[in-house]
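These notes concern the structure reproduced below.
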Number of protein chains: 2
Amino acid sequence: MTISDVAREAGVSVATVSKVVNGRYGVAAATAERVLQIVADLGYETSLVASSLRRSRTNVLGILLAGFDPFAAELLKGISAEAVGKGYELLAYSGAISDDNAVGWERRSLSRLGGTLIDGAIILTPTVSLQGASVPVISVDPHTGTSGSHIVDSDNVAGARTATRHLIDLGHRRIAHIRGRTDLESAHRREHGYRLSLEEAGIPFDPELVRDGGYRSAWSTDAARDLLTLPDRPTAIFAANDLSAFAVLQVAHELGLRVPHDLSVVGFDDIPEAASASPRLTTIAQPLQEMGARAVTMLLALLDGHDAETHVRLPARLVVRKSTGPAPQR
Amino acid sequence: MTISDVAREAGVSVATVSKVVNGRYGVAAATAERVLQIVADLGYETSLVASSLRRSRTNVLGILLAGFDPFAAELLKGISAEAVGKGYELLAYSGAISDDNAVGWERRSLSRLGGTLIDGAIILTPTVSLQGASVPVISVDPHTGTSGSHIVDSDNVAGARTATRHLIDLGHRRIAHIRGRTDLESAHRREHGYRLSLEEAGIPFDPELVRDGGYRSAWSTDAARDLLTLPDRPTAIFAANDLSAFAVLQVAHELGLRVPHDLSVVGFDDIPEAASASPRLTTIAQPLQEMGARAVTMLLALLDGHDAETHVRLPARLVVRKSTGPAPQR
DNA sequence: TTGAAAGCGCTAACAC
DNA sequence: GTGTTAGCGCTTTCAA
């Protein structure tokens, strides 16, 4: 089912069909009507691939991501809600991730789609610089600080500070931290906020209480096990994201520690699953959907040739649920 | 940055570059090495659009959806998890939805991407038949019963029956139902399950207690308001999906009705937000992530030329939370 | 008002 | 071992 099929059926050239389908002028009304009728009968729809190869604009917004995890899913909801009715199609693309291409996926995806398939891109948590992209790009929660493209993120330092402060206010003194992916800016900021709060409260920083979790379940499980089997184990853990916090909850359960009676846990992100964890997770909520929406706004502005803010930073807020409580008495 | 740039830089023809990049035989080792070096230097990546126009296979799986709503998001998580490491790229596509193309989006999307860009498709809640698609298709929770393509869904009748039964067991007798989208098979099945349970309990069916919610927030709000301002209002509402149930919760709150003291509410789907609703929503959980995973398995089987089950139906289960309680005494 | 033809970036026969 | 060439489906000059 191609444009040639339609042309043959209508007894006109493919050029004419193309004009009719795209609403160009210079076609007799009668011809146009006949072609349109055949298009409808045959259910012809112009191939996105072929037309995008030829045209410069496609009206497709690309969302480049490493996988459809809960974080990406929330952002997508916000992106989709904001983009509806604006005349753009959405194309969320996750390249085949394997170990040997785990780094640089964002540039690879951008090269593969950019220039032709998509008019612009929103890239989630890129870790490499995206200078010289062929289309406008908005980075959400990127590694590279303010370098290069336009950025949307949330206030990670303040969020982490609030989380740690919450634990301190509950009387905790031995507060551990499970780090995020050390190649991501957000992870450093969260650790920074954690250390700031300790400092403000006059609690000496203990390097032994900080472990790598890489924002990932498996690593965080190991980290949690290490921390919770320490001779003088922490009474509270601030995990760099919710996934890590879930791992902590799991390990605590295995070790027979009651949360929050024996151990308090705070996460970061407030993915929807946080509310159904057992116990329900106290965490720092990033306004993920709003971040997605803002990214769309910025991208559309860029595509319209307007300026857009270079850096939008949204506030993160503490959501107190059931995984935090007063520090156990010694 | 095209294949010609690489060819020029390497002093070879584009054909040679293509061979090297795709690992074809018939290239001198030295040449291949030089080309690979230039590819790396320039950061060249073959254009998905151009190559897919020429090739028959792209190793891209399409997921066609009407928008990134919570339902789609959960399925995507399952799809993504199952597809990882299988050598396929994922491309979730949501065409521009507006009022005049609201129906038939799935066929339009399929025509636009099919045959060239994607090797196969998973389509979420299609409402029209997809006969004669150019690529293998798996439908998730479709309208058209068993017609045409391969199907994954959950047991809507049993789920609705369980939900209604749960309310009956709590002593409710005036149990209302807010219907789903009447063009969707699932909506009919849920209503059927509701009526089955009433019948089993010997409760006469009252047409006045059934309203259209269309699986949508706005309509459901109206429906809930109608039901709850009835002279003899229901003591329980079974909503056809969680979004509708949220609308009920909202209206109940506005009217000063306490849930579950004055009114019990059950939803359907168990999207993550259900656990954080206030009060936390009792609902029927569809195994959305598993449904997504199964769809991938089936599609990959089809793509490998194997057979796949024509219809996979997964069980739905009751998740009791805080929005249901004993019927109020008269 | 219409159609012929070039070309977007790439791959695959086939010729050299 | 390498290059030439045709062509995937479409849009867009440009000539008829």
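Numbers restart at 1 for each chain; the letters A, B, ... are given by sequence-line order, proteins then strands. Nothing here was measured: the structure is a model prediction, and the numbers come from that model.
Across the protein-nucleic acid pair, B:Arg8 atom CZ and D:dG3 atom P stand 14 Å apart, rounded to whole Å. Atom-to-atom, CG of A:Leu117 to C1' of D:dG9 comes out at 14 Å; the value is rounded to the nearest Å.
In terms of modelled atom types and a separation under 3.5 Å, the side chain of A:Ser80 and the main chain of A:Leu76 share no donor-acceptor contact. A donor-acceptor pair under 3.5 Å is formed between the side chain of A:His188 and the backbone N or O of A:Thr182. A distance-only check finds a donor-acceptor pair linking the side chain of B:Asp119 to the backbone of B:Thr58 [under 3.5 Å]. A distance-only check finds a donor-acceptor pair linking the side chain of B:Glu106 to the backbone of B:Thr127 [under 3.5 Å]. B:Arg216 contributes no side-chain N or O that, together with a main-chain N or O of B:Gly214, makes up a donor-acceptor pair within less than 3.5 Å.
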- Task: Sugar-phosphate means primed atoms, P, OP1 and OP2; the rest is base. With that split, encode nucleotides 9-14 of chain C 5' to 3' as B, S or - using protein heavy atoms under 4.0 Å.
- Result: BBBB--
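The phosphate of C:dT2 (OP1 or OP2) has a side-chain N or O of A:Thr31 nearer than 4.0 angstrom.
Side-chain N/O atoms of A:Glu45 and B:Ser111 include no donor and acceptor closer than 3.5 Å.
The residue A:Ser52 sits apart from the nucleic acid: no heavy atom pair falls under 4.0 Å.
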